[in-house]
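These numbers come from the heavy atoms of this one structure, side chains and all, not from hydrogens, waters or symmetry mates. It should be emphasised that the depicted structure is a prediction, and the values quoted were computed from it without experimental measurement.
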Number of protein chains: 2
Amino acid sequence: MAGTRRHGAGRGRPTLEEVAARAGVGRGTVSRVINGSPRVSDRTRTAVEQAVAELGYVPNRVARALAANRADAVALVIPEPETRLFAEPYFSDIIRGVGAELADTDLQLLLTLIRTPKERQRLADYLSAHRVDGVLLVSVHADDPLPDLLERIEMPAVLSGRRSAHESVPYVDSDNTGGAQSAVEHLIGRGRSTVATITGPLDMYVAQCRLEGYGAAVRAAGREVEPELVASADFTEEGGRRAMRQLLDQRPDLDGVFAASDVMAAGARQVLRESGRRVPDDVALVGFEDSAVARHMDPPLTSVRQATEEMGRAMVRVLLEEIEGLSDRTSKRPQMVLPTQLVRRESS
Amino acid sequence: MAGTRRHGAGRGRPTLEEVAARAGVGRGTVSRVINGSPRVSDRTRTAVEQAVAELGYVPNRVARALAANRADAVALVIPEPETRLFAEPYFSDIIRGVGAELADTDLQLLLTLIRTPKERQRLADYLSAHRVDGVLLVSVHADDPLPDLLERIEMPAVLSGRRSAHESVPYVDSDNTGGAQSAVEHLIGRGRSTVATITGPLDMYVAQCRLEGYGAAVRAAGREVEPELVASADFTEEGGRRAMRQLLDQRPDLDGVFAASDVMAAGARQVLRESGRRVPDDVALVGFEDSAVARHMDPPLTSVRQATEEMGRAMVRVLLEEIEGLSDRTSKRPQMVLPTQLVRRESS
DNA sequence: AGGTACTGTGGGAGCGCTCCCAGCGGTGAT
DNA sequence: ATCACCGCTGGGAGCGCTCCCACAGTACCT
C-alpha cells in the first residue's frame with residue numbers, strides 16, 4: 001500500500017515553534033493560547049494571536065493527537081447491508097444530523113461502512129487501538145459484538161436504536177411503540193374495523209416495538225389482537241407484497257393496514273391494487289418512516305415520521321457527554337427516546 | 001471544546017519498540033516488516049511477525065502520520081444543501097462505492113458536510129494544512145473556489161461531475177448527454193410526436209448536458225427543437241410541477257415528457273394527473289436517476305440509471321492514481337465518463 | 001525582613017512512528 | 001591480501017505537538 005504517497009508539501013507550514021519565535025514567547029505559551037487556557041495574560045495572548053494571523057498558522061492535528069493521545073475524531077459505523085435495506089433518506093438524515101452537531105466541535109467524522117466480518121474485525125482492532133474518541137453505531141443487530149467490545153475497552157459509544165428493552169449502552173431511539181400506536185389509533189379512529197399489520201423481522205427490537213404499538217392501539221379500542229391480522233416480513237418491498245397477499249388470504253375483509261415501514265407499505269400497496277382494492281376507499285394504509293417513498297406513492301402514504309436528523313444530533317450530544325464525563329462510569333447512562341409524529345396523507 | 005477529553009486508555013498498547021525487543025531486533029527492522037519492505041530476511045520477518053501476533057500489535061496511525069507526514073485519509077466533501085436536493089439514494093450510493101473501494105486500502109474516509117461559507121473556509125484551512133492525502137468533491141458548483149484552491153496547493157482531488165465542458169481537474173462523471181439522448185430516442189421510438197423536456201437549472205453543466213442530449217435525439221429524428229417544448233426548473237418537485245404546467249399551457253398537445261430528474265418527473269406526473277391526462281396513454285414520461293422515487297411512482301417511472309456506486313469507486317481509483325503519481329503533474333489528468341442505461345417501466 | 005501564595009511563563013521530555021545513515025559480515029573482483 | 005560492493009540491520013534524529021515542572025515576578029501576609 002502506501003508506497004510513494006506524497007509528502008513534503010505539508011512541510012513548510014508554520015509550526016508552533018515559529019509562532020512562538022515570532023511572538024517572542026515560548027512554545028508552551030502559544031499552546032496555551034491556541035487551546036484557550038485562561039492562564040495567559042492579555043498582552044501575551046494578543047501578541048500570539050497576531051503572530052498566528054500573520055503566519056497563517058493552523059495547528060497540526062496529527063501532532064496534537066499524538067502528543068495528547070486523543071484522536072479528535074469520532075467514528076460513525078454503518079453496516080453496509082443496511083444502507084440498501086432502509087428506505088432513504090434515513091442514513092443521509094442521520095449523517096446530516098451528526099455532521100451538523102459535530103460542526104461546532106473540532107471533532108472529525110470518520111465514516112466506516114462494514115460489509116464483511118473481516119472488516120468488522122479490522123474496525124475492532126482499530127477501535128481497540130483508541131484511534132477515535134468515540135463511536136456512533138447505527139442500526140446494530142442484537143448479535144453484534146461491537147457494543148460489548150466497546151464497553152470493555154471503555155470506548156464511549158452511542159447506538160441509534162436499542163438492541164432490546166433493557167439496553168445497557170447509551171442510545172438514542174425514536175418512539176417506535178408510540179408511533180405505531182398513533183398510526184393504528186388513527187386508522188381505527190377513521191372507522192376502520194379490521195386493521196392488519198405487516199411487521200418487520202421480529203428478532204429486531206424495532207419491529208417488536210412497532211408490533212407492540214399496534215397491539216396497544218387495538219386493545220385500547222376494546223378489541224383483541226387477531227393472529228390472522230398479523231403478518232411478518234423483512235422490511236423489504238417484496239416482503240411487503242408477500243405479507244399483504246397472506247393477509248388478504250386470511251382476512252379478505254380487512255379494511256386497514258399498518259405497515260411497519262414505508263417500503264413494505266409500497267409492496268402492500270401494489271398487491272392491494274392487483275387485488276382490485278382501492279386505497280383508501282377499500283383499504284386504508286399507513287406506513288412508518290415518512291421517507292421519500294411515502295410522499296411519492298399514489299395515493300401519497302400516511303406515515304409515521306421520525307426525527308431522524310435530530311437523532312443524529314442527539315447521538316452526538318450524548319456521545320460528547322460520554323467522552324467528557326467518562327470518569328463517572330457508574331452513573332446513569334444517557335438514553336433518550338425521541339417522539340414521532342403521524343403525517344396524514346391521502347392513503348388513510 | 002476538547003477540555004477533559006479522555007486519554008490514557010490508549011496507552012499501554014504495545015509499541016514498535018516493544019515488538020522489536022520481543023523479536024530481538026531493532027526498531028527499524030520491525031518498521032520495515034510492518035510496511036512490507038522487501039529488504040528483510042525471511043528469518044527476521046518471521047520472528048517479527050510472530051512477535052506482532054503475540055503482542056497483538058496494531059500500528060499507531062497517528063504516530064505514523066506524524067512521522068511520515070501523510071494522513072492516510074481522504075476527505076469526501078459534500079455540500080449539505082445538495083443532500084436535500086438530490087433524490088436518494090444518490091449520496092448513499094456514492095458513499096457506498098467510495099467505502100467499498102477504500103476498504104482494501106489503509107486509507108480512512110473523512111466525511112465533511114459543508115453548510116456555510118464559514119465551514120467551507122474551515123475546510124479550506126484544514127486541507128491547506130495537508131491533513132488528508134486527497135479529496136473527493138461531490139457535486140461542486142461552477143463557482144466553488146475549492147477545486148482551484150486544491151489545485152494551487154497541489155492536493156490531489158477528484159470531482160464527481162464536471163463544472164463545465166472543459167474541466168481541468170480530474171473527474172468522474174456519468175454520460176448525461178448520452179443518457180438523455182437515449183431517453184428521448186426511446187420516447188420518439190415509441191411513436192411520441194411531441195416530446196417536451198423539463199430541464200434542471202441551466203447554469204449547472206449537468207442540466208446543460210441533459211438538455212443537449214434531448215436536442216440531439218430530437219434532431220436525429222429529423223425534427224427541430226421547439227422552445228415551447230423546453231421548460232427549465234430546478235431539480236425540485238415543485239419546480240417540476242411548475243414546468244409541467246407551463247408546458248401544458250404552451251403545448252396542450254404534447255404526448256411525451258423527458259424530465260431531467262426523477263423528482264421533477266414526480267412533480268410533472270401530479271400535474272398531468274390533475275389535468276386529466278393518463279400516463280403513459282396520453283403522455284409518456286421518462287425521468288433521470290433511477291432513484292427510489294422512480295420505482296415507487298404510479299405507474300413506475302422509466303428512468304435513466306447512472307452507475308452511482310461505480311462512480312464512487314471510480315473516484316477513489318482515480319484519486320489513488322493522483323496521489324501516487326503526483327510527480328508527473330504535467331501528464332494527462334484522468335477523466336472518465338461512465339455509461340448510463342435506460343430502465344424501462346410502465347410510464348412510457 | 002522573611003515567608004507563603006499566587007499568576008505567568010519557558011522549555012525539557014516524550015508521544016510512536018519513519019527516515020536515513022552508518023556499520024555489519026559476506027562475496028567476488030583485482 | 002585488498003578493495004569495492006552488496007543485503008541486511010540497528011538506532012539516532014526528528015515529525016509538531018502537549019504535559020508538566022521549575023522558576024521569575026508580584027502581592028500580601030506575618
Hey, is the side chain of A:S31 poking within less than 4.0 Å of OP1 or OP2 on D:dT18, counting only N and O atoms?
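Yes, because at least one side-chain N or O of A:S31 sits under 4.0 Å from OP1 or OP2 of D:dT18.
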
What is the distance, rounded to the nearest whole Å, between atom [atom1] of [X] and atom [atom2] of [N]?
X: B:I34; N: C:dG16; atom1: CD1; atom2: P; answer: 15 Å
X: A:E17; N: C:dG14; atom1: CD; atom2: P; answer: 17 Å
X: A:N69; N: D:dG16; atom1: CG; atom2: C1'; answer: 16 Å
X: A:N35; N: D:dC19; atom1: CG; atom2: P; answer: 7 Å
X: B:N60; N: D:dC17; atom1: CG; atom2: C1'; answer: 14 Å
X: A:D72; N: D:dC17; atom1: CG; atom2: P; answer: 13 Å
X: B:L66; N: D:dG14; atom1: CG; atom2: P; answer: 14 Å
X: A:Y57; N: D:dC17; atom1: OH; atom2: P; answer: 3 Å

Please say which of A:I34, A:T44, A:V33 ends up in a side-chain contact (heavy atoms from CB on, under 4.5 Å) with A:E49.
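Considering A:I34, A:T44, A:V33, a side-chain contact (heavy atoms from CB on, under 4.5 Å) with A:E49 is found only for A:V33.
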
Straight-line distance of [X] [atom1] to [Y] [atom2], nearest 0.5 Å:
X: B:I323; Y: B:E321; atom1: CD1; atom2: CD; answer: 11.0 Å
X: A:I95; Y: B:S92; atom1: CD1; atom2: OG; answer: 7.5 Å
X: A:T112; Y: A:L76; atom1: OG1; atom2: CG; answer: 7.5 Å

Take B:E18 and B:R13, measure what salt bridge (charged side-chain N to carboxylate O under 4.0 Å, His left out) needs, and give me the verdict at the end.
CA-CA 10 Å; B:E18 299 174 49; B:R13 302 220 99 230; over 6 Å; no

Which is it for B:R162 and B:E167 under the salt bridge (charged side-chain N to carboxylate O under 4.0 Å, His left out) test, yes or no, and what are the steps along the way?
CA-CA 6 Å; B:R162 288 165 270 194; B:E167 178 59 76; over 6 Å; no

B:A68 side chain, from C-beta outward: closest of C:dG16, C:dT18, D:dC17:
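Shortest atom-to-atom distance from the side chain points to C:dT18.
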
What pairs of nitrogen or oxygen atoms, one from the protein and one from nucleotides 7-10 of chain D, lie under 3.5 Å apart?
unit_1 : atom_1 : unit_2 : atom_2 : d
D:dT9  : OP1    : B:S41  : OG     : 2.9
D:dT9  : OP1    : B:T44  : OG1    : 2.1
D:dT9  : OP2    : B:S41  : N      : 3.1
D:dG10 : OP2    : B:G26  : N      : 2.8
D:dG10 : OP2    : B:T29  : OG1    : 2.5
D:dG10 : N7     : B:R32  : NH2    : 3.3
D:dG10 : O6     : B:R32  : NH2    : 3.2

